[in-house]
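Predicted model only: the values in this text are computed from it and were never measured. Labels below follow one simple rule: chain letters A, B, ... track the order of the sequence lines, proteins then strands, and each chain is numbered from 1.
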Protein chains: 2
Amino acid sequence: MINLDLTHSLDLKKLDSYQEKVSKINKMIEEKTGEGNDYLGWVDWPERYDRNEVKEMIEAAHYVRENFDILVVCGIGGSYLGARAALEALKGLKYNDSLEIVFMGQTFSPNYVSQVLDYLKGKRFAINVISKSGTTTETSISFRLLKQLLEQQVGKEKARKAIFATTDKEKGALRTLSNKEGYKTFVLPRDIGGRYSVLTPVGLFPLACAGLDIEAMLLGAHEAHVKYNNDNIHENICYQYALVRDYMYHHNKSVEMYVTYEPSMNQLSEWLKQLFGESEGKQKKALYPGSACFTTDLHSLGQLIQDGTPLLFETIINVLNPEKDVVIPYDEDNLDELNYLKGRSLNFVNQKAFEGTLKAHSEEANVPCNLLLVDRMDEKTLGHLFYFFMRACAMSAYLLEINPFNQPGVEIYKRNMFHLLGKKGY
Amino acid sequence: MINLDLTHSLDLKKLDSYQEKVSKINKMIEEKTGEGNDYLGWVDWPERYDRNEVKEMIEAAHYVRENFDILVVCGIGGSYLGARAALEALKGLKYNDSLEIVFMGQTFSPNYVSQVLDYLKGKRFAINVISKSGTTTETSISFRLLKQLLEQQVGKEKARKAIFATTDKEKGALRTLSNKEGYKTFVLPRDIGGRYSVLTPVGLFPLACAGLDIEAMLLGAHEAHVKYNNDNIHENICYQYALVRDYMYHHNKSVEMYVTYEPSMNQLSEWLKQLFGESEGKQKKALYPGSACFTTDLHSLGQLIQDGTPLLFETIINVLNPEKDVVIPYDEDNLDELNYLKGRSLNFVNQKAFEGTLKAHSEEANVPCNLLLVDRMDEKTLGHLFYFFMRACAMSAYLLEINPFNQPGVEIYKRNMFHLLGKKGY
């Protein structure tokens with residue numbers, strides 16, 4: 001399903017000295033005894049998720065697809081990036097579907113929010129609001145505006161049936177409101193933090209609404225759990241990836257660049273940036289997570305990678321078999337000199353671009369390149385991949401002696417902002 | 001129009017020692033005597049551009065808007081990023097217009113190209129193909145496919161009138177084809193490289209088709225030229241920005257993060273990454289250009305900036321007055337505790353988020369923050385801003401003793417790829 005190739009990155013023998021640490025940390029992860037263990041709920045989530053809730057999500061998704069033209073997903077951070085990453089990776093950027101998914105609640109931008117509200121006017125839309133507390137400022141402002149528009153358009157009673165809330169089981173403002181109004185709700189588990197929540201209703205409900213097979217995603221994650229709960233570093237590619245990151249960090253590399261060859265995977269890179277950046281960015285440690293989409297960005301960042309800063313290494317996620325493909329046609333004139341490619345598929349060219357670039361970067365520029373080769377991108381594989389990265393991230397952060405599950409620094413701008421906004425208590 | 005505030009970045013006195021170098025380099029830029037001077041055509045372009053050609057572009061744009069529903073812009077690198085950055089910055093991400101702009105030619109991705117071709121089927125579309133040579137592989141494959149589809153849909157004769165080519169005045173495959181087929185063409189000047197070409201027909205024709213005022217853009221660039229052709233570093237904010245980058249580079253900073261508070265400006269950051277990354281990424285030098293959109297990415301990269309790697313500095317482009325705004329409504333229940341913001345605009349909140357974050361990052365995390373304050377985003381301002389950055393980039397690269405206008409490293413992956421694809425001569 002997925003394979004890790006480190007031959008263009010480093011000699012695996014260099015990782016041997018990690019074995020003892022890895023065994024210790026794997027136990028801490030699996031038995032949920034490490035620092036931040038209140039948030040290790042994602043570890044065995046693929047086995048203990050609520051089957052009934054998944055059935056309810058699939059039913060509610062049918063209802064949404066039958067009764068609405070747009071679903072507005074209203075959330076920020078972990079309540080935004082995972083669903084969007086999966087939606088784009090699985091359906092592409094120009095997908096055609098009876099239900100459109102629009103994201104809001106992830107920004108204060110007056111232009112963006114105005115344009116989305118204008119766009120929704122007169123249209124049949126439902127809302128999935130996602131917030132543990134219900135008081136996240138970006139999301140709750142957007143939700144107020146969306147709810148008001150919806151009630152104006154269809155009335156209070158119908159609006160209640162068009163709002164789906166993903167929130168805490170019992171506590172918080174959104175739970176209180178949902179109970180009062182009778183919204184259909186899904187549970188955001190207390191022991192799973194935002195950036196580890198894509199396989200909970202946070203990510204799964206919007207994806208079910210998009211017509212995707214969320215049970216296959218959970219199955220993929222389950223298979224990944226079985227496979228990567230293995231402390232043998234010669235067998236476990238998930239931990240090999242964590243170790244190579246740690247090795248690079250300690251050997252003068254400070255930027256990890258996530259590279260894909262598919263524009264529809266740009267958002268997966270954004271999800272990875274949150275996962276690794278927010279899990280490890282503490283105590284002045286951590287790699288800076290960057291991203292690029294080739295070959296597009298070879299025409300912008302390619303020069304820099306080839307001859308510029310020596311601080312980079314790449315982690316390349318290459319999907320070998322695309323969902324769709326196109327054959328390059330013959331042209332009589334051949335002024336563009338492309339006839340040598342006639343009858344070839346775009347994927348053939350894309351894969352040769354991958355091979356040629358790999359050689360250019362790893363051999364000619366000495367940029368270490370980790371390859372994650374993915375057979376094809378489907379729900380099951382993506383569930384597997386999400387789990388792969390979450391587990392690798394936990395290992396990687398624990399190796400740095402960092403709690404992968406808190407984010408104390410995120411509160412500081414909020415505190416300053418609340419003070420400036422005149423919020424009580426700040 | 002735009003203002004640079006370095007008070008959260010460094011003491012301006014630290015830049016005094018640069019005065020002599022700056023005077024010398026400014027002369028080299030203005031008189032086009034520096035290294036790579038074959039490509040300094042952009043310097044006085046805002047004064048010497050062809051007025052007739054601009055009139056022709058505006059006329060052709062009217063024709064496109066009247067006769068088509070979609071314009072497909074087919075280009076890569078500098079023939080893609082500038083137009084897209086300007087389109088999004090000026091019109092937003094969810095803009096409503098009678099003409100839709102779709103980008104192609106910037107990727108080999110089989111999924112993306114398939115989906116765009118499917119999307120175009122049965123629709124009234126025109127093509128603007130942009131390539132100096134006409135043999136850039138990504139763009140020419142896409143153009144072959146687009147041309148074939150168009151001819152199938154409307155016939156060869158009508159297709160000729162729906163294709164607009166931006167290419168060299170006399171040479172190259174696309175010029176030959178255009179002459180043969182009788183396409184309407186616009187000229188890509190020989191003395192302006194891709195990443196400095198946004199104010200030529202490369203960027204301007206698609207923007208005119210989008211209904212934007214391209215003469216205002218050129219006027220803004222002209223004003224910027226007059227203003228920034230000034231070697232006094234106490235007056236010239238364009239060179240101050242170049243100097244602060246150089247200072248940071250020589251004081252242990254290796255990542256410059258472009259920050260905006262508007263999702264519609266994400267693509268401007270991509271344009272900046274090419275401009276600076278490709279101009280400076282040589283001889284193992286150069287800052288790594290990253291980007292983020294706040295507050296969205298404070299919920300993903302915020303932790304890392306606050307407490308993580310000390311290698312960062314920020315360049316924040318803050319647009320003070322948005323095109324549209326929304327007022328936060330009162331809610332009787334106030335379960336979300338937002339009533340303290342009732343009657344406030346989203347922009348008010350966004351600006352307080354900016355101030356609070358600036359304090360959090362610059363004072364509490366010691367991350368230097370350069371502020372570029374933009375009064376409002378319109379065509380004239382954006383033309384000014386593009387020129388500001390191009391001129392700053394030339395200064396910055398020359399300070400590093402790097403030719404800002406070549407990109408020798410970009411050829412290496414192409415050479416390898418052509419070899420693997422079996423192209424003659426490789």
In Å and rounded to the nearest 0.5 Å, what is the OH to SG distance from B:Y112 to A:C293? 10.5 Å
Under a 3.5 Å distance rule, please check whether B:Q274 uses its side chain to pair with a backbone N or O of A:L301 as donor and acceptor. no
Any sub-3.5 Å donor-acceptor pair from A:Q303's side-chain atoms to B:G281's backbone N or O? yes
Any side-chain heavy-atom pair from A:L145 and B:P329 closer than 4.5 angstrom? yes
Taking the side chain as everything from C-beta on, heavy atoms only, tell me whether B:L304 gets closer than 4.5 Å to A:P289. yes
Contacting moiety of B:L174, where chain A heavy atoms sit under 4.5 Å: neither
Heavy atoms, side chains only, cut-off 4.5 Å: are B:Y80 and A:T296 in contact? yes
When rounded to the nearest 0.5 angstrom, what is the spacing between CG in B:L346 and OG in A:S142? 7.0 Å
Report yes if some heavy atom in the side chain of A:K147 is under 4.5 Å from a heavy atom in the side chain of B:D331; otherwise report no. yes
Which distance, rounded to the nearest 0.5 Å, do you find between the OG1 of B:T295 and the CD of A:E138? 3.5 Å
Answer with side chain, backbone, both or neither: which region of B:K352 has an atom nearer than 4.5 Å to a non-hydrogen atom of chain A? both
Using the rule given for side chain to side chain contact (heavy atoms under 4.5 Å, CB included), can you reason through A:L312 versus B:Y288, listing the C-alpha separation, both sets of side-chain angles and the distance that settles it, and then say yes or no? CA-CA 9 Å; A:L312 293 178; B:Y288 177 85; 3.6 Å; yes
Tell me, side chain or backbone of A:E278 under 4.5 Å from chain B's heavy atoms, or both, or neither? both
Check whether B:Q283 gets within reach of chain A through its side chain, its backbone, both or neither, counting any heavy atom under 4.5 Å. backbone
Could you walk me through whether A:V326 and B:L117 pass side chain to side chain contact (heavy atoms under 4.5 Å, CB included), step by step? CA-CA 9 Å; A:V326 182; B:L117 291 173; 4.3 Å; yes
Check whether B:V255 gets within reach of chain A through its side chain, its backbone, both or neither, counting any heavy atom under 4.5 Å. side chain
Atom CD in A:Q407, atom CG in B:L298: separation rounded to 0.5 Å? 13.0 Å
B:N334 portion near chain A, given a 4.5 angstrom heavy-atom threshold: both
With the threshold set at 4.0 Å, does a side-chain nitrogen-carboxylate oxygen contact exist between B:K273 and A:D297? no
Any side-chain heavy-atom pair of B:R415 and A:E364 under 4.5 Å: yes
Most contacts with chain A, counted as non-hydrogen pairs under 4.5 angstrom, among B:R195, B:Q106, B:H419, B:K282: B:K282
Salt bridge (Lys or Arg N to Asp or Glu O under 4.0 Å) evaluation trace for B:D118 with A:K94: CA-CA 9 Å; B:D118 280 348; A:K94 233 24 201 164; over 6 Å; no
Measure distances from B:N366 to the heavy atoms of chain A and classify the residue's part below 4.5 Å as side chain, backbone, both or neither. neither
Taking every non-hydrogen pair under 4.5 Å, which of B:S131, B:S300, B:G134, B:A353 racks up the most with chain A? B:S300
Residue that, paired with B:I412, satisfies side chain to side chain contact (heavy atoms under 4.5 Å, CB included) out of A:K359, A:Q306, A:E363: A:Q306
Without swapping roles, check the side chain of A:E355 against the backbone of B:M417 for a donor-acceptor pair under 3.5 Å. no
For a 4.5 angstrom cut-off between non-hydrogen side-chain atoms, does A:I141 reach B:L338? yes
Residue A:F354 versus chain B: region with a heavy atom under 4.5 Å: neither
Where on A:L358 is there a heavy atom nearer than 4.5 Å to chain B: the side chain, the backbone, both, or neither? neither
Relative to chain A, which segment of B:Y330 carries a heavy atom at a distance below 4.5 Å: side chain, backbone, both, or neither? backbone
When the 4.5 angstrom heavy-atom criterion is applied to B:Y119 and chain A, the contacting part is side chain
Proximal component of A:L287, with respect to chain B [non-hydrogen, under 4.5 Å]: backbone
Taking every non-hydrogen pair under 4.5 Å, which of B:S79, B:G356, B:P110 racks up the most with chain A? B:P110
For the residue pair B:S109 / A:E262, report whether a side-chain donor-acceptor contact shorter than 3.5 Å exists. yes
What part of B:V102 gets closer than 4.5 Å to chain A, counting heavy atoms only: side chain, backbone, both or neither? side chain
Chain A contact via B:T136 - which portion, at a heavy-atom distance below 4.5 Å: side chain
What part of B:K91 is in contact with chain A, defined as an atom under 4.5 angstrom from a non-hydrogen atom: side chain, backbone, both or neither? backbone
Side chain, backbone, both or neither of B:L81 within contact of chain A (heavy atoms, under 4.5 Å): side chain
Let's go through A:K180 and B:D333 carefully: what are the C-alpha distance in whole Å and the side-chain angles of both, what is the deciding distance for side chain to side chain contact (heavy atoms under 4.5 Å, CB included) to 0.1 Å, and is it a yes or a no? CA-CA 11 Å; A:K180 187 182 162 230; B:D333 290 341; 2.3 Å; yes
Are the side chains of B:P263 and A:N111 in touch, meaning some heavy atoms are under 4.5 Å apart? no
Pair B:R144 + A:D336, salt bridge at N-O below 4.0 Å: yes
Heavy-atom pair count under 4.5 Å with chain B, highest-scoring of A:P310, A:A360, A:G77, A:G194: A:A360
How far does CZ of A:F294 sit from OH of B:Y413, to the nearest 0.5 angstrom? 9.5 Å
B:K424 portion near chain A, given a 4.5 angstrom heavy-atom threshold: neither
Decide yes or no for A:L421 and B:Y340: does some side-chain heavy atom of the first lie under 4.5 Å from some side-chain heavy atom of the second? yes
Using heavy-atom distances under 4.5 Å, tell me whether B:F418 contacts chain A through its side chain, its backbone, both, or neither. side chain
